[in-house]
2 protein chains.
Amino acid sequence: MQLGASEMRSAPAEHGDAEPETRATSADIGEILAAYGCRFRVRRGQRLPARHDDVETIYLVRSGLVVLQSHLTEQRRLILGICYPGEIISSRFMAALPDFTVRAARAGEVTRLRQDVFDTAAARHGWLALEFMRQMRVRANRVEAHNVIVSRLTSEERVASFLLEAGLMLGKHLARGIDIELPLPRNDMADYLALNPDTLSRVLSRLRSEGLITRLGRGRAIVHDWAALEQRSPICAALQSAYQR
Amino acid sequence: MQLGASEMRSAPAEHGDAEPETRATSADIGEILAAYGCRFRVRRGQRLPARHDDVETIYLVRSGLVVLQSHLTEQRRLILGICYPGEIISSRFMAALPDFTVRAARAGEVTRLRQDVFDTAAARHGWLALEFMRQMRVRANRVEAHNVIVSRLTSEERVASFLLEAGLMLGKHLARGIDIELPLPRNDMADYLALNPDTLSRVLSRLRSEGLITRLGRGRAIVHDWAALEQRSPICAALQSAYQR
DNA sequence: CGTATGGTTGACAATCCTCAATCCGGGTGG
DNA sequence: CCACCCGGATTGAGGATTGTCAACCATACG
């Protein structure tokens with residue numbers, strides 16, 4: 001599905017509205033932004049251009065899961081971040097990396113709007129600007145934590161950190177432990193952690209043989225000993241503050 | 001020099017001032033912020049607490065050079081970023097990493113102010129908020145580029161990228177090439193690039209033996225072939241857009 | 001001129017990556 | 001319901017890159 005520029009609506013006409021400046025939760029930010037952009041479904045694997053028609057662009061993830069990726073060379077791909085529902089992606093805050101794209105890791109819905117249209121809206125609704133700032137701050141924290149993960153942690157520490165991240169965002173408490181629907185398939189997970197897929201597999205096997213986790217099929221894991229997992233990540237505290245629902 | 005909380009002034013009294021909302025350059029942002037915080041000199045190596053008295057804090061680098069660092073363990077230190085004169089550091093945009101501190105890499109001057117005081121000022125002066133946002137955007141771009149450097153580039157590509165960064169920010173054109181006053185000593189450079197100091201030394205020696213660079217004493221390098229250096233960094237474009245004077 | 005700090009270089013070790021063979025899980029069709 | 005098949009996942013052996021340690025050297029500073 002290729003969406004043309006015409007679908008990038010501009011801001012609604014400014015009929016003398018004095019909308020109350022109430023503090024909105026991220027629950028309704030979607031409703032507001034939907035009025036300024038266009039909302040559409042994405043298939044798993046679908047790519048969304050970071051800058052649509054060469055215009056600074058914002059995506060809001062409504063549902064599903066979206067990743068930011070870049071191809072350095074034919075061999076080297078990397079995943080820079082994972083965006084969960086309710087989160088905003090702004091091309092302005094992205095570096096000019098080679099072949100940078102936004103890709104849906106799971107089917108879902110997104111809202112796309114032009115950054116300049118958003119800016120206009122944010123100038124009128126102060127809380128929108130604040131919410132945008134808050135989200136960029138959270139993302140900055142995550143990118144920084146991720147920086148530490150991929151630069152200085154051992155393979156096992158990286159995997160532990162990833163499981164903590166995923167558990168904090170997606171985990172469900174069960175009697176047996178914390179059930180995590182893994183956000184990424186193996187290859188993506190490896191590119192996210194700057195590890196070889198084989199190495200990742202080995203580490204997961206080791207954690208499994210130590211009884212820390214159990215894997216259920218391809219895309220699920222159960223963490224039996226959350227505290228032990230926390231022990232294995234030197235930046236556990238940073239993850240807890242940067243990843244919370 | 002330990003500065004007490006009393007030196008963190010609050011905002012100036014609000015005498016009915018209607019300061020013109022002119023677009024200010026980063027040259028005068030220092031003058032404005034100085035009115036809200038306190039300005040002081042820092043020695044080389046001096047540490048500034050990221051959160052002063054447990055209050056969200058902003059630093060403005062007036063001169064010198066400042067780095068953001070974290071000690072993961074006794075053995076593993078890492079440098080997350082380098083801040084050049086005119087730049088703002090906000091603890092809000094920093095992850096809760098173990099032993100995170102702001103450290104002066106070169107003697108200079110900084111202005112410190114409370115984030116809440118800044119926020120009040122920014123609410124009154126729109127351009128201040130915009131300038132803050134712009135700086136956080138630039139930093140986000142740099143952190144993302146740095147992410148790629150330390151996660152996926154080879155040691156030689158990392159060093160080339162670092163020389164590009166430093167050259168773009170600090171380089172002086174000479175007849176023989178581009179003269180760079182290296183912002184960091186060897187150990188810091190290594191921790192910034194997530195390399196072992198010995199490995200870094202080896203790479204620099206190789207670049208020197210290939211005639212790409214010459215080293216002048218400890219802290220200076222001359223890049224003879226800038227184009228060749230660009231060729232060695234897969235993210236040259238991202239660096240050029242994220243690092244410009 | 002001597003000391004201290006920081007930089008260089010070599011030999012060796014550890015980690016992680018590469019490649020290839022094998023295995024498993026979840027669809028599909030009989 | 002079961003056999004089959006395909007893509008993804010696992011695991012082993014070997015190799016490349018980087019880290020570790022130690023000795024030596026250079027530079028800066030008193």
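Just so you know, these numbers use all the heavy atoms, side chains as well, and skip hydrogens, waters and symmetry mates.
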Every protein N/O within reach of nucleotides 23-26 of chain C N/O, cut-off under 3.5 Å:
from, atom 1, to, atom 2, distance (Å)
dG25(C), O4', Arg218(A), NH2, 3.4

### Query
Is there a donor-acceptor contact under 3.5 Å from the side chain of Glu144(A) to the main chain of Asn141(A)?
no
### Message
Quick check on dC16(C): is either OP1 or OP2 less than 4.0 Å from any side-chain nitrogen or oxygen of Ser155(A)?
### Response
yes
### Task
Can you tell me which residue pairs pass the salt bridge (charged side-chain N to carboxylate O under 4.0 Å, His left out) test with a partner in residues 192-203 of chain A, sequence neighbours excluded?
Arg186(A)-Asp198(A)
### Atom-to-atom span, CG of Leu182(B) to P of dG6(C) - whole angstrom
15 Å
## Note on the structure
Interatomic distance, CZ@Arg142(B) vs CD@Glu87(B), rounded to 0.5 Å, equals 4.5 Å
### Query
For the helix from dC1(C)-dG30(D) to dG30(C)-dC1(D), what is the angle between the axes at its two ends, each from 5 pairs, rounded to 10°?
40°
### Query
Atom CD of Gln69(B) and atom CG of Leu97(B): how far apart are they, to the nearest 0.5 Å?
11.5 Å
### Query
Is it true that the side chains of Glu56(B) and Ser91(B) contain a donor and an acceptor less than 3.5 Å apart?
yes
### Of all pairs that satisfy ring pair (Phe, Tyr, Trp, His ring centres under 6.0 Å), the ones with a partner from residues 197-245 of chain A, not counting sequence neighbours
none
### Message
Looking at Glu210(B) and Arg232(B), is there a salt bridge between them, counting it only when a charged N and a carboxylate O are closer than 4.0 Å?
### Response
yes
### Task
Verify whether one side chain among His71(A) and Arg76(A) offers a donor that lies under 3.5 Å from an acceptor in the other.
no
### Task
Check every nucleotide of DNA chain D for an atom under 4.0 Å from a heavy-atom of chain B, then give the first and the last such nucleotide from 5' to 3'.
dT18(D) to dT27(D)
### Task
For Leu153(A) and dA14(C), give me the distance from atom CG to atom C1', rounded to whole Å.
17 Å
### Query
So His146(A) and Tyr192(A), would you call those rings parallel, tilted or perpendicular, with 30° and 60° as cut-offs?
parallel
### Task
Could you check Leu184(B), Asp191(B), Asp188(B) and say which one makes a side-chain contact (heavy atoms from CB on, under 4.5 Å) with Val67(B)?
Leu184(B)
### Task
Under 4.0 Å between any heavy atoms, over every strand shown, what does Arg215(B) touch: base, sugar-phosphate, or nothing? Just pick one.
sugar-phosphate
### Task
In plain terms, say whether Asp99(A) and Arg77(A) are close enough for a salt bridge, that is, a side-chain N and a carboxylate O under 4.0 Å apart.
no
### Task
Could you please name the option among dT8(C), dG7(C), dG10(C) that lies closest to any side-chain atom of Ser205(B)?
dT8(C)
### Message
Please list, in numerical order, the residues of residues 186-199 of chain A that have a heavy atom closer than 4.0 Å to any atom of DNA chain D.
### Response
Arg186(A), Asp198(A)
### Message
Distance check needed: dT9(C) P versus Arg206(B) CZ, whole Å only.
### Response
12 Å
### Task
Taking only Lys NZ, Arg NE, NH1 and NH2, and the carboxylate oxygens of Asp or Glu, determine whether Glu181(A) and Lys172(A) approach each other closer than 4.0 Å.
no
### Message
Quick one: does any side-chain atom of Ser201(B) pair with a main-chain N or O of Pro197(B) as donor and acceptor, under 3.5 Å?
### Response
no
